[in-house]
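Every chain is numbered from 1 and lettered A, B, ... according to where its sequence line falls, protein lines coming before strand lines.
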There are 2 protein chains.
Amino acid sequence: MTEKLLESQADIFKALAHPVRLQILQMLKPGERCVCELVVDTEKEQPNISRHLAILKKDGILGCRKDGTRVMYWVRDRRAFELLDLCREMLKSYYQEKSEFF
Amino acid sequence: MTEKLLESQADIFKALAHPVRLQILQMLKPGERCVCELVVDTEKEQPNISRHLAILKKDGILGCRKDGTRVMYWVRDRRAFELLDLCREMLKSYYQEKSEFF
DNA sequence: TTTATATATAACAATATATGAATATAATGA
DNA sequence: TCATTATATTCATATATTGTTATATATAAA
């Protein structure tokens, strides 16, 4: 039971553990976007973005719907953004401590 | 710059993306512990735990100090626990939605 | 129907991450 | 010094993840 919870938790963090996926989430903060917009903005290959989206969807972080030929993706639970913000805050302190950039 | 931030953020999430490492963090919630205690409580091999600890330390999540033959580890920034809690809350809603266990 | 556009999937190579077993190191105490 | 205990590291290997290219699917428009 606890083991199962730890694994689910790890899966969420695993889904967040890639710069492109974090970038995608950031771009979805104002609301849903279609794949093609994400491809343009990230400057990555379309299949690459599609797969990252599939990972985020599989772990329940994103939802999606079809709209004509397009597929719109959005963040299902806005607490995901809190996770990202909290992490950024931690990094900020960490780098200030080491008197590095930021 | 933003790219560097995204990568640092991803590194933090990557460090959290393993059930054993999450278990270790949970065990460090009350305060510092030595490696041998973590080995006993997790029921994992000692080299395995050492390596997971090294990963958490490399990414700035854990600190450590020697105490005789022992090495004590602790969580450097308690906001790490907030990350875990927030993640668990998200999972809770998610599973309730799907009317699964929890 | 044909064509164009948007998206997803498959196949592959490259890289990263995981584990267990064996070994190395470092501090302590006899 | 030698033996013991605690911890870290190395090696071999298995598995997972990533990016790229090519291809498949699905919708819409001509």
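When the C1' atom of D/dT9 is taken as reference, atom NZ of B/K58 falls 16 Å away, rounded to whole Å. The CG-C1' distance, from A/L56 to D/dT17, rounds to 14 Å in whole Å. Atom P of nucleotide C/dA6 and atom NZ of A/K66 are separated by 13 Å, given to the nearest angstrom. Regarding B/R70, its CZ atom lies at a distance of 18 Å from the C1' atom of C/dT25, rounded to whole Å. Between B/M72 atom CE and D/dA6 atom P the separation is 13 Å, expressed in whole Å. Per the geometry, CG belonging to B/L53 stands 13 Å off P belonging to C/dA18, to the nearest Å. Put simply, CD1 on A/I49 is 15 Å from P on C/dA6, counting in whole angstrom units. Rounded to whole angstrom, the span from the CG atom of A/D67 across to the P atom of C/dT7 amounts to 10 Å.
Counting only distance, with no hydrogens or angles, the side chain of A/R79 and the backbone of B/L86 share no donor-acceptor pair below 3.5 Å. In this structure, the side chain of A/E7 does not engage the main chain of A/K4 through any donor-acceptor pair within 3.5 Å. Distance alone, capped at 3.5 Å, places no donor-acceptor pair between the A/R76 side chain and the A/C64 backbone.
The phosphate of D/dG19 has OP1 or OP2 within less than 4.0 Å of a side-chain N or O from A/H52. Applying the 4.0 Å criterion to OP1 and OP2 of C/dA18, one finds that B/R21 has a side-chain N or O inside that range. Note on B/S50: a side-chain N or O is less than 4.0 Å away from OP1 or OP2 of D/dA8. Between A/H18 and C/dA16, a side-chain N or O to OP1/OP2 separation shorter than 4.0 Å is absent. A sub-4.0 Å separation between OP1 or OP2 of C/dA6 and a side-chain N or O of A/Y73 is absent.
Distance from the side chain of A/T69 is smallest to C/dA6 among C/dA6, D/dT20, C/dA26. Listed candidates were C/dA18, D/dG19, D/dT10. Nearest to the side chain of B/R51 is D/dT10. Side-chain proximity of B/N48 to C/dG20, C/dA6, D/dA8: nearest is C/dG20. Checking D/dT9, D/dT17, D/dT20 against the side-chain heavy atoms of A/E45 singles out D/dT20 as nearest. Taking the side chain of A/P47 as heavy atoms from C-beta on, and the options D/dT18, D/dT5, C/dA8, the nearest nucleotide is C/dA8. Ranking C/dT7, D/dT18, D/dA6 by closeness to the B/C36 side chain, first place goes to D/dA6.
Mapping A/G68 and B/E37 onto DNA chain D by nearest heavy atom places B/E37 closer to the 5' end of the strand.
Separating the CG atom in B/L22 from the CE atom in B/M27 is a distance of 11.5 Å, to the nearest 0.5 Å.
A donor-acceptor contact under 3.5 angstrom links the side-chain atoms of A/Q46 to the base of C/dA8.
A salt bridge links A/K92 with A/E89; the closest basic N to acidic carboxylate O contact falls under 4.0 Å.
At the heavy-atom level, A/L38 lies nowhere under 4.0 Å from the strands shown. Residue contacts for A/K44: at a heavy-atom cut-off of 4.0 Å it reaches no nucleic acid atom on any strand shown. Contacts of B/K14 with the nucleic acid, taken as non-hydrogen atoms under 4.0 Å apart, involve only primed sugar atoms and P, OP1 or OP2.
Between A/Q9 and B/C87, the shortest heavy-atom distance links the atoms CG-SG, 3.5 Å.
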